[in-house]
Amino acid sequence: MKTKLLKSLNQYRAYVLVVVMFACGVFGKNFYTAYNIKAILDSTLLYAFLGVGFTLCMVAGHMDLSVAAMANLGAVLTMGFHTFSGMSWGPAMILAILAATLAGVINGVMISKAKIHSFIATLGMQFVLKGVMYIYSKGAEISDKGDFGFADILNKWLKPLPITPKILIMLVIVIVVAVLMRNTRFGRNIYMIGGNAETAWLAGIKSSRYTILIFAFSGACCALGGALFAIAQSSALPNMGEKGISPLLVALAATIIGGTDTNGGRGSVWNTFVAVLGLMVMSFVLSNIFGKFEVQILANGLILAICVFYETITAYYNNKKIGIRQPLLEQRQKELESAQ
Amino acid sequence: MAISKDTQEYALEMKAVSKQFPGTLAVNKVDFQVKKGEVHALLGENGAGKSTLMKMLAGSFTDYTGDIYVLGEKVQLHSPATAKAAGIGMIYQELSLARPISIYENLLVGRLPVHKGLPFVNRKQAVAQAKELLAQVGLEHIDPEMPISEISQCEAQLVEIAKVLGNDPKIIVMDEPTSALSSEEVGRLFRIVEQLKARGLAIVYISHHLAEIFTVADRVTVMRDGMKITTCDIGDTNPQQLIEMMVGRSVSEFYKDRESTVGDELFRVEDLSRWGFFHHVNFTVRAGEIMGITGLAGAGRSELARAIVGVDQIDDGKMYLRGQEVRFRNMHEAIDAGIGYLTESRKTDGLALTQSIADNAMSAIIYRRSKFGFYNAKSPANRNLVKELIQRLVVYPAQPERPVNNLSGGNQQKVLLTKWLAMEPSVLILDEPTRGVDVGAKEVIHNAIRSLAAAGSAVILISSDLPEMVGLADRAVVLRNGYIIGEVDREDMSEQNLLLAANGEGEHVHA
Amino acid sequence: MPNSTNTTVRKDTRTQEMNKFMVIVNRLGIYVVVALLLIAGQCIRPDKFFTFSNINSVLQAVSLTGICAVGLAFIVYSANFNDMSLPMTIAFSGMVSVQLLQYNFVLSILGGIAAGLLMGAVNGFVIGKLRAHPIIWSMAFNFVMSGIVRWAWAGNQIYPDTITENAATAEQFYALARTYLGKSIGLQIPLMVVVMLVMFVIGHVILTYTSFGNQLKIIGSNYDVGRLSGINCARVVFIAYMINALCAAICGIFLASLSKVGAYYNGEGYDFECVTAVLLGGMTLAGGKGNMVGVFGGVLTVGLLTNVMNLLGIPTFNQYLVQGVVFLFIVWINTNSARKLGKS
């Protein structure tokens with residue numbers, strides 16, 4: 001009974017995080033205002049996109065360390081195309097997303113064709129992209145000069161809901177990907193590739209094609225997130241978030257808290273999103289109570305580390321129980337009882 | 001008339017197929033025919049080319065030569081998908097199921113049903129289809145939505161068969177399907193094979209167990225050195241003859257009687273238990289003795305061995321080595337005391353496949369041969385030891401620096417044994433020392449085991465290969481469901497008695 | 001039995017011959033790259049490249065990476081991919097040693113090393129004993145430590161005290177990265193370079209000529225094989241992480257001394273740069289392959305590449321791109337040659 005409760009608590013830990021942290025808001029001042037809730041949702045924007053990309057790759061048994069760089073690329077290129085080249089927002093975003101998709105395809109090809117470990121390939125890609133961005137932006141912040149029209153639309157508060165159009169776009173993407181992963185053959189095949197690549201290969205699933213697709217999609221998704229984020233902020237930096245909470249680490253934390261198996265084959269995009277929400281609620285609660293940025297980093301890190309540690313410990317003890325025979329244990333129980 | 005009838009009769013025909021690997025012709029112009037509704041056994045030593053032949057059928061190669069016909073139609077098997085489409089179903093020795101994924105998705109991988117007109121998976125229909133398939137292999141009681149990781153090895157094996165059946169194959173290839181099964185479960189598998197045969201399916205059955213082949217097969221084809229030696233009805237041949245054809249020489253008597261010179265008690269366990277795995281185990285091994293532990297797969301034999309050498313914990317009981325009580329917290333201490341354990345699976349926990357023969361041979365004694373923490377793998381003493389071991393077990397190629405993963409299975413198994421001979425064990429536990437090994441390597445390994453015992457060590461032999469057990473062991477204790485239920489001594493040692501006892505029957509079982 | 005020899009030898013013609021060229025590429029490939037870079041450097045700036053001061057500055061530039069790479073090589077060798085908590089190990093040990101400067105110079109050095117070892121111990125326990133996913137865990141741990149360090153020092157950088165009576169200790173600390181040896185024989189070799197070379201030698205001896213190194217090799221190729229060969233895997237991996245942490249701590253102290261500041265961002269980028277060097281040096285992520293000689297070559301390559309790019313006048317930011325591309329390219333060659341050898 002007790003273990004069952006714990007098990008389901010663990011299964012829904014992303015939701016638990018959201019609820020508990022939201023409840024902790026009572027210790028803060030003016031936490032439960034509509035504006036604050038809107039702000040929390042707003043802050044999930046970038047991380048949710050990164051989380052989707054990261055989760056997809058991890059379900060397929062890979063790791064995409066270049067998600068943050070991809071988002072950055074999307075942001076810098078969109079801003080740059082708009083400001084430097086005078087493109088309108090639409091084409092600028094599409095071009096930026098295409099560029100990131102291309103980078104994703106290169107990731108996928110390196111991993112599936114050249115057989116480079118995904119962690120290494122994307123680590124290298126991260127630096128390539130960083131170089132590209134610095135060269136393009138000359139290392140400086142790109143901000144749009146007085147053209148806030150689109151930003152205003154994206155940031156418009158759709159009262160009475162605590163939602164803005166950019167969050168709507170994000171939610172639509174998250175839900176579409178979640179349904180795609182859960183309910184289509186395409187999605188289930190990704191799980192199969194992550195669960196056992198050999199099985200997938202034998203079943204005629206072309207895993208290299210899927211790998212390329214997944215990484216391309218991850219790149220596109222992150223770039224979209226980055227572009228929206230940059231437009232809403234009206235500026236883009238080539239090292240977005242590096243000095244604060246690293247977006248990559250939040251994406252990783254959300255993916256793990258959302259219950260994705262680090263070896264692939266298990267996980268859910270929706271749960272990752274819920275975990276992102278949970279982390280953001282936590283950040284807001286903490287900044288409301290302590291007002292310190294450092295505490296947020298520490299708390300985010302701790303939650304991630306605790307989850308990883310918990311998974312590790314469970315796996316460690318489960319490994320010891322592999323092959324245990326229930327009838328024998330029952331017999332032992334009887335022996336003990338009769339001895340007493 | 002004859003031609004059309006022939007093409008009708010054969011489910012599978014391979015005509016003059018060959019496959020070249022760099023430096024060697026793995027399959028050399030083989031003709032191979034399987035009739036509808038027959039079980040056709042394929043025999044051969046490791047490296048005889050039967051795996052290559054079957055990989056060809058599975059669509060693993062794009063560059064084989066020769067023609068393959070399925071039900072009289074010529075097919076090109078250049079990918080797993082084309083092989084599957086042609087009606088060939090493969091059941092692999094190592095299971096190809098995704099463990100974190102549900103049973104029904106594993107069963108219907110690549111062909112999950114979707115809602116009409118929508119791209120979404122129809123979960124209900126998928127589960128229903130999966131139930132149907134599971135029923136065909138006698139697993140009606142299992143919930144298809146459970147992940148594979150929650151069911152037993154045997155059930156997983158049956159799920160694998162169900163998965164292949166789901167593709168509606170004309171030909172099923174089974175590669176050592178019984179290697180992970182107990183004899184009860186083998187019986188269950190054979191009943192399913194009979195049913196499939198009755199449905200007109202052609203089954204290619206690969207196994208090293210001759211007894212199984214004589215039980216289940218209708219015809220048998222023997223391969224050697226990439227060539228087909230013969231195909232004949234199973235009724236027209238006998239094990240002796242088959243072995244001779246496989247080996248290419250006459251084996252007058254494979255298992256020779258051994259003069260055993262059993263000495264004093266060397267190792268004894270008393271009331272040893274690991275709750276949930278084995279309970280209250282008692283036995284004694286004397287110097288120079290080969291003691292078998294027999295039992296069905298899953299009886300707790302490997303678990304017992306792992307606990308003795310300290311890899312897993314012991315919950316209760318005592319162990320004595322030369323009369324002194326011992327208890328090992330890890331395997332390092334066991335090795336220090338002179339107890340070795342050759343594991344069951346050379347691929348997963350026996351050999352460091354990417355490392356050289358020398359590194360593997362020395363891996364269990366690095367600590368012992370180091371001085372003040374320093375150890376030189378290439379010192380003359382170490383080199384000579386490796387050379388001597390390679391010679392003793394006729395490892396080929398005899399190059400200490402060659403990585404183990406490009407040796408054949410038999411030679412890998414020999415390297416695994418050298419690792420334990422190198423430590424000069426006083427007690428050596430051997431877990432399936434000749435699994436999946438060809439006859440030649442088997443002989444070498446058996447001789448090494450005999451001479452180890454003759455030199456005064458105690459050997460504990462765990463083996464599912466009953467002829468091996470009968471041929472090697474001086475006596476055998478019988479483990480069943482985690483308890484020792486009996487003992488068979490030298491005089492009564494026979495495959496029949498061992499099997500009976502393992503199944504909990506016969507006169508050698510005490511209450 | 002007399003027959004057995006014949007049977008066994010006869011049937012085994014299937015094993016493939018090893019490709020000699022690939023063996024050489026795998027073993028020494030990196031020194032070919034080093035040589036090419038040397039030639040390139042000479043061609044670009046014949047007046048400047050082969051001067052003593054330039055070579056010295058290359059060595060000095062790579063010495064920090066090199067010190068870290070020695071430690072990281074043990075992690076890669078044990079098939080634990082990479083230690084993503086390297087940046088925080090470097091930063092944390094640097095900060096602790098700067099903080100302790102107010103008491104005593106020796107205490108500050110020891111404290112810095114102890115701080116690093118503490119992190120190594122946590123990593124070693126969780127990854128070696130409990131077998132956590134090494135990348136995920138070390139990333140998470142890096143995250144936590146980054147939080148702890150920023151929280152503890154309130155997000156500030158710390159500077160050695162150069163004004164009060166502690167100024168002498170601060171000077172001593174600064175001098176660490178600025179000491180030159182061999183003046184008496186007319187050379188000027190920075191202490192850091194000497195430390196790096198000594199550590200490479202020690203690292204090589206440990207990796208190749210100790211039971212620990214040889215056991216690590218087995219564990220690196222297959223953890224379970226190690227365990228079932230009587231190797232105390234948890235302890236061996238733990239030691240590997242301790243060595244790694246020790247190297248990172250030494251690097252962190254030198255870095256703090258060189259930059260005259262203890263800051264949470266001090267170690268940034270080292271995780272990438274060091275793993276680049278190690279992989280360039282011929283170690284594989286599959287573990288159990290490669291040696292320190294190769295890793296040294298990898299470190300030199302990284303340093304020379306930067307130097308040649310500097311001589312060419314490529315701006316720092318653009319060097320990211322070149323480094324990333326070169327990294328991917330050489331890893332690809334490495335993976336490929338390893339695959340051709342049937343080793344990965």
Side-chain angles (χ1 to χ4, degrees), chain A residues 58-61 176 178-210 259-268 315 317-336 339, chain B residues 58-60 79-85 89-90 92 94-102 104-106 108-115 118-123 126 147-149 152-153 160 163-164 167 273-280 298-300 302-303 306 312-313 315-316 481-483:
Chain A
M58 198 174 259
V59 165
V176 166
V179 170
L180 196 78
M181 290 295 283
R182 209 180 117 83
N183 291 327
T184 65
R185 272 190 193 178
F186 175 80
R188 301 322 295 178
N189 286 350
I190 295 177
Y191 281 88
M192 190 51 84
I193 291 169
N196 187 337
E198 178 111 17
T199 315
W201 183 74
L202 290 171
I205 298 171
K206 297 209 166 44
S207 66
S208 61
R209 193 182 292 173
Y210 273 85
T260 308
D261 193 323
T262 47
N263 298 317
R266 208 149 41 84
S268 132
Y317 283 106
N318 280 346
N319 268 342
K320 289 197 167 183
K321 276 189 252 161
I322 284 178
I324 203 159
R325 295 157 152 261
Q326 218 49 49
L328 276 184
L329 277 185
E330 281 156 22
Q331 218 156 356
R332 166 74 186 155
Q333 204 58 42
K334 269 182 216 151
E335 278 173 35
L336 281 179
Chain B
S60 299
S79 75
T82 54
K84 203 161 82 176
M90 304 288 298
Y92 291 95
E94 269 126 42
L95 296 179
S96 66
L97 298 170
R99 286 177 56 79
I101 311 258
S102 66
Y104 81 88
E105 282 186 76
N106 268 294
L108 304 173
V109 57
R111 54 188 191 91
L112 281 167
V114 289
H115 287 288
L118 289 169
F120 301 127
V121 171
N122 188 340
R123 188 177 287 245
I148 296 287
S149 51
S152 75
Q153 176 90 24
E160 177 91 19
K163 179 177 150 188
V164 169
N167 291 319
S273 302
R274 182 177 174 212
W275 308 131
F277 293 89
F278 54 86
H279 290 187
H280 311 298
S302 301
E303 287 82 354
R306 283 170 67 96
D312 293 330
Q313 66 179 22
D315 293 325
D316 196 19
N481 292 336
Y483 288 93

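Numbers restart at 1 for each chain; the letters A, B, ... are given by sequence-line order, proteins then strands.
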Thr199(A) vs Lys163(B) side-chain heavy atoms within contact, under 4.5 Å: yes
Minimum heavy-atom distance between Gly110(B) and Asn189(A), given as atom pair plus value: N-OD1, 4.3 Å
Residues that Glu198(A) engages under side-chain contact (heavy atoms from CB on, under 4.5 Å), provided they are two or more places apart: Asn196(A), Leu202(A)
Nearest atoms (heavy-atom pairs only) where Ala98(B) meets Gly195(A): CB-C, 3.7 Å
Side chain, backbone, both or neither of Leu112(B) within contact of chain A (heavy atoms, under 4.5 Å): both
Counterpart residues, ring-ring contact (aromatic ring centres under 6.0 Å, His included), relative to Tyr104(B) (two or more places apart): none
Proximal component of Glu330(A), with respect to chain B [non-hydrogen, under 4.5 Å]: neither
Residue, of Met90(B), Glu105(B), Arg99(B), that accumulates the most heavy atom pairs under 4.5 Å with chain A: Glu105(B)
Partner chain A: residue of Asn106(B), Leu118(B), Asn167(B) with the largest heavy-atom pair count (under 4.5 Å): Asn106(B)
Inter-residue atom distance His280(B).NE2 - Gln331(A).CD, 0.5 Å rounding: 8.5 Å
Taking every non-hydrogen atom, the tightest pair across Tyr191(A) and Ile101(B): O-CD1, 3.2 Å
Closest non-hydrogen atom pair between Gly264(A) and Pro100(B), with its separation: O-CG, 4.1 Å
Side-chain touch Tyr483(B)/Leu328(A), heavy atoms, less than 4.5 angstrom: yes
Arg332(A) (side chain) donor-acceptor with Gly276(B) (main chain) under 3.5 angstrom: no
Option that, when pairs with chain B are counted at under 4.5 Å, heavy atom only, ranks first among Arg182(A), Met192(A), Arg266(A): Met192(A)
